[in-house]
There are 2 protein chains.
Amino acid sequence: MSADAEPVPVSAKSPVTLREVAAVAGVSVATASKALNGQGRMTAETRERIRETARALGFRPNSLAQSLLRKRSFTVGLLTNDTYGRFSLPLMAGVSDALVDNGVSVFLCNVEDDTRLGQLHVEAMLDKRVDGIIATGKRIDRHLPVDLSNLRVPVVYAFTQPDAGAVGLVSDDAGGARLAVEHFCRLGRRRIAHVSGPESFAVVHTRAQAYRAVLEENSLPVGEPLLGAWSEAWGHEAVAKLFGKAGREGWPDAAFCGNDQIARGVIDALRERGIRVPDDVGVIGFDNWEIVAEATRPPLTSVDMNLATLGREAGLALLSLVGGQPAAPGIRKLPCRLVVRQSCGRPPGG
Amino acid sequence: MSADAEPVPVSAKSPVTLREVAAVAGVSVATASKALNGQGRMTAETRERIRETARALGFRPNSLAQSLLRKRSFTVGLLTNDTYGRFSLPLMAGVSDALVDNGVSVFLCNVEDDTRLGQLHVEAMLDKRVDGIIATGKRIDRHLPVDLSNLRVPVVYAFTQPDAGAVGLVSDDAGGARLAVEHFCRLGRRRIAHVSGPESFAVVHTRAQAYRAVLEENSLPVGEPLLGAWSEAWGHEAVAKLFGKAGREGWPDAAFCGNDQIARGVIDALRERGIRVPDDVGVIGFDNWEIVAEATRPPLTSVDMNLATLGREAGLALLSLVGGQPAAPGIRKLPCRLVVRQSCGRPPGG
DNA sequence: TCCCTCTGAGAAAACCTTTTCCCAAATCGC
DNA sequence: GCGATTTGGGAAAAGGTTTTCTCAGAGGGA
C-alpha cells in the first residue's frame, strides 16, 4: 500500500465535500459515493481513481448528512447520576471502549438527581437522534430520576434499576460475597464476621444473605451482620463492637467488609488494638477500589465487580439492540472476581 | 399558560416532522418553520395556530438537519486521558454544566495514552461536526497523545499542557501553595515542612517555590522540600525522616503536603508516633479529595483546585470561541481555595 | 442487420430544516 | 380609480450524502 506515503491533509481548514471529490475525479457525486462505499458497478480503474482523489483531497464524509439519510447516527447517550464517579468511571470507560471500536460516539449526560435536568438531556439526545441510551447510576437499587420507558430508541440499564421489561446488567453481588466468604473458609477461618453498609441498600441484604448461606454450607457459626455506614469511621466502630468483649476466644478471625473504606477502617482499628492482619484476623473488602485497597497495611484483598466489563457488555448489548436483534429483557448478573492481596493470609498448607 | 395542560406525547414512536406539522396546520413548511422560530411575518393567529399544532403533535426539530444547514452542531468533544478520573470528573462535570445550560451536548472521548485511539476519536468528532474540543488530562505538564493544532474548530485546554498559541486553563498551583503556607504562618507555626510528590512533576517545583517564597517573606526557616511519591506510604516515610532525629526541638510544627494521600500518610504516621495533630503538628493537604480528606483523623485541611469551576470556565471559553469571539491565547490560571477542617488547629487568639 | 442483455455511469429524489426570494392580495395616498 | 407599498405566505434552493431509477453504448447471438 502506498496510502501511508500520501500527503493527507488530515485537518484541512475547510471540509472537502463529496461534490468536490467528484468534480476533481471527473465523475458525478453518485458515482463518487458508490466508489467510496463499494457500491454500484464501475470499472476497477474508475473506482480506484475516485478513491485516490478522495484520499489526496483528505475527504471525510459529513456524518451529519449520512445520519440524516440513514436514520442512524452512530451515537449513543450515556446517562448517569454518579457525580463522584467511583463506579461510573470504570463503567463509562468500558462502555466507551465497546462502542468506539464500532465507530459509535458517546454523549455524556450527567443528570445528578434532577428530574428536570434528566428530561432536558434525554430530549436533547433524542433530538440529536442517538441510536440508543445507556442508563447507569451509583446504586443498583435505585431508578434514575427520569423515565426512559417507551422511548423510540433502545435502552440498556447498567448498574442501576431497570424499568420493567427492559434490559439490565448488574454485578452479581451474591456471587461476589460468596467468593469472599468461601475464600476465608478455604483458608481455614472459622469465625467470620460481616461488617457492611446501611440497611437501606439492597446490596447489603443480598451480600449478607450470601454470607449466611456460605457459613451454613460450611457449618460455621453465623454471626449477625453489623450494618452501619460506608465509611472508615464505621469500620473503626465495628471493630470496637466485635473486639470489645473481654474474652479473646469470642473474637472473629476474619471480617468480610461491605466496601473497601469499611475494610480500611477495620484494618486500622485492628492495628491500633495490636491485633495482627492477616495473622490474627483476615480482612476482605468490596469494590476493589485500588487506590484504597493498595494503601491499606497490609494491602487489601477485595471483591472486584468488574465494572469495566459490565460497561463493555452494556455497550455491546445496546449495539445489538440497535442492530435490531431482540435481546431477552430482564436483569443479567455479571460475575465478580476476587483480587487477592495480603490482608487475608495464605492457606495453612500454602 | 395552558401549555402544561396539553397532552404532549413526549416520546412518540415515530418522530414528527415539520412537514407533518405544516400539513396539519394547513400551511407550507416554510411558514411552519418561521412560525416556530419567530421569524418571518404572519398574523399572530397563524403563528399561534402552528405552534399549537406543533405542540399537540409533539414536534421536535431534527437536530441533524438543523446542524447540517447551520453548520453548527451544538456539540463539543471532551478529550481526556485520565482514566481513573479523580481530576477529570469534577472537571467534566463543570464542563458539562456550563455547556448543557447552553444547549450543547458533550462527546466523551477517553484516549488513554494511545495516539491511535486519540486520532480515531478526533476524526470521529470532526466527522460529526463538533463545534469545538476541550482537551483535559491528569497532568498539567503533559500533552495529550494527540495533535490538536490546526484543527478547523477551536480547542480549549483544561488542566493539561496547551499547544503554543492555544487557550489553556490551569489551576494556580503557586497560589494554592501560598494559601496553605500562609495559613500556617497566620496560625503561628514556625517550622513548616513540605512533603511533596515526584521530582518529575512540574507542579512539585511550582509549589515548592511558592512554599519557599512565603517562608522567606515571613522570615521563617526554609527546610528542603522532601520529594517522593504521591502515596500514603511516602507520607509515612517522610515522617520517619522528619521526626526520626532525637531532639524534639528540631521537629517541624507543620507539614504542607503535596496531595491528600501523602497528608493522610503523614497524619497516620504521626499518630503512630504519639505526635498529636493538630496540637503538635499542623497538616495541610492538596487536592481536597473529599473522600480522603474527611476520613483522616482529624479531618484534613486541604487546598482545593476548584476543578469544577475550571471546567465551567473552560466550557464557557470554548463557547465564546465557537461564537466567534477571539480569546486571548495563553495560559490562564484559576485560583485555588483552602478548605479548612481540623488538621491545622485554630489561631492562637481564636 | 436486428434485437437483447449487460455494463458503466449519471440524474434525481430523499432525509429535514432554514432562508432567500418572490408573488398575490390588500392597503394606502392622491 | 390607479399606481405604490405593505402584508401574509409560498416556492425553491441549500446543506452533503445515499440510493433508486434511468439511459446510452457496447457486446453477443441469430
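Quick note on labels: first sequence line is chain A, next is B, and so on, each numbered from 1. Since this is a predicted model, take the numbers as computed values, not measurements.
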(request) For B:M125 and B:T75, run side-chain contact (heavy atoms from CB on, under 4.5 Å): C-alpha distance rounded to whole Å, both residues' side-chain angles, the deciding distance at 0.1 Å, then the answer. (result) CA-CA 9 Å; B:M125 294 191 310; B:T75 295; over 6 Å; no

(message) Is it the case that over 12 heavy atoms from other parts of the model lie below 6.0 angstrom from the CZ atom of A:R72?
(response)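 Yes, CZ of A:R72 has more than 12 neighbouring heavy atoms, counting only those of other groups under 6.0 Å.
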
(message) Atom NZ of residue position B:K333 - does it have more than 12 heavy atoms of other residues, nucleotides or ligands inside 6.0 Å?
(response)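 Open.
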
(request) To the nearest 0.5 Å, tell me how far B:C109 SG sits from B:I134 CD1. (result) 11.5 Å

(message) Reading DNA chain C in the 5' to 3' direction, which nucleotide is the first one with an atom under 4.0 Å from a heavy atom of chain A, and which is the last?
(response) C:dT7 to C:dC16

(request) Using atom CZ of B:R129 as one end and atom C1' of D:dG16 as the other, report the distance to the nearest whole Å. (result)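 To the nearest whole Å, that distance equals 9 Å.
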
(request) Round to a whole Å and report the spacing from CZ of A:F74 to P of D:dT17. (result) 16 Å

(request) Evaluate side-chain contact (heavy atoms from CB on, under 4.5 Å) for B:Y157 paired with B:I331, printing each intermediate quantity in order. (result) CA-CA 9 Å; B:Y157 295 80; B:I331 299 183; over 6 Å; no

(request) Just do the side chain to side chain donor-acceptor pair (under 3.5 Å) check on A:T80 and A:D82 with the steps written out, would you? (result) CA-CA 6 Å; A:T80 173; A:D82 187 7; 5.5 Å; no

(message) At under 4.0 Å between heavy atoms, how does the protein contact nucleotides 9-15 of chain D? Give one character per nucleotide, 5' to 3', with B, S or -.
(response) BBBB-BB

(message) Tell me which pairs pass ring pair (Phe, Tyr, Trp, His ring centres under 6.0 Å) where either residue lies in residues 93-118 of chain A, with sequence neighbours left out.
(response) A:F107-B:F107

(message) I'd like to know if B:E52 pairs up with B:R55 as an ion pair, taking the criterion as any Lys NZ or Arg NE/NH1/NH2 lying under 4.0 Å from an Asp or Glu carboxylate oxygen.
(response)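 A salt bridge is present here (some side-chain N lies under 4.0 Å from a carboxylate O).
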
